[in-house]
Amino acid sequence: PLPKLNLTVPSSSRAGSAVEVTIAGDATPPEGTFRVVHLEFEKPSGKIYEHYTRNVMIPSLPHAVQVPIAFNDPKGSWRVRGLDLMTGQSFEASFTVAEAQHS
């Protein structure tokens, strides 16, 4: 059996930085296997942000993906959803995008 996957993100990220999405599992996958996870990002408005949607190949667990957040992206609560294309398992996490820090 393949391990169940889960997804974590920091609770917040600043506009103009990157949010790290980490995909982990509840067990070690069999040697030589990989997974493909479809990631979707939902803006505070509830609409999917197609620009950040992607398929990610997961060669080992845990696996981290850096997703840049633009300065002009909407501030507020975002949701990221993952779908394991092999098993159909879905999982999600949320984070807040805050104003960029000014130097």
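Just so it is clear, the values below take in all heavy atoms, side chains as well, and ignore hydrogens, waters and symmetry mates.
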Next item on the list: Considering only Ile, Leu, Val, Met, Phe, Trp and Tyr, and joining two whenever side-chain heavy atoms are under 4.5 Å apart, list the other residues clustered with Leu2.
Entry: Met86
Check: What do the steps show when you test Leu83 against Val37 for side-chain contact (heavy atoms from CB on, under 4.5 Å), and what is the final call?
Finding: CA-CA 5 Å; Leu83 174 66; Val37 172; 5.9 Å; no
Item checked: With Asn55 via side-chain contact (heavy atoms from CB on, under 4.5 Å) - residues at least two apart -> Val36, His38, Leu85
Next item on the list: Sequence neighbours left out, what passes side-chain hydrogen bond (donor to acceptor under 3.5 Å, both in side chains) with Glu20? Give chain and number order.
Entry: Gln66
Next item on the list: Decide yes or no on side-chain contact (heavy atoms from CB on, under 4.5 Å) for Arg81 and Glu42, but give the supporting numbers first.
Entry: CA-CA 8 Å; Arg81 288 189 190 95; Glu42 183 182 292; 2.7 Å; yes
Nearest heavy atoms of [X] and [Y], plus distance in Å:
{"X": "Tyr52", "Y": "Ile69", "value": "OH-CA, 3.6 Å"}
{"X": "Val9", "Y": "Ala93", "value": "CG2-CB, 3.9 Å"}
{"X": "Ala100", "Y": "Ala15", "value": "CB-O, 3.3 Å"}
{"X": "His63", "Y": "Met57", "value": "NE2-O, 3.7 Å"}
{"X": "Pro62", "Y": "Thr22", "value": "CB-CG2, 4.0 Å"}
{"X": "Ile23", "Y": "Leu61", "value": "O-CD2, 3.7 Å"}

Margin query: Assess whether a salt bridge exists between Asp84 and Arg35, defined as any Lys/Arg side-chain N lying under 4.0 Å from an Asp/Glu carboxylate O.
Written below: yes
Heavy-atom distance under 4.5 Å between the side chains of [X] and [Y], does that happen here?
{"X": "Phe91", "Y": "Leu5", "answer": "yes"}
{"X": "Phe41", "Y": "Val21", "answer": "yes"}
{"X": "Glu99", "Y": "Lys75", "answer": "yes"}

Notebook entry, point to check: Aromatic rings Trp78 and Phe95: how do their planes relate, parallel, tilted or perpendicular, breaks at 30° and 60°?
Noted result: parallel
Item checked: Donor-acceptor contact present, side-chain Arg79 to main-chain Ser77, <3.5 Å -> no
Check: Are the side chain of Asp26 and the backbone of Pro3 linked by a donor-acceptor contact shorter than 3.5 Å?
Finding: no
Note to self: So, taking the atom named OG1 in Thr96 and the one named CZ in Arg14, what distance separates them when rounded to the nearest 0.5 Å?
What the structure shows: 11.5 Å
Checklist line | Distance (rounded to the nearest 0.5 Å) between Gln89 CD and Asn6 CG | finding: 8.0 Å
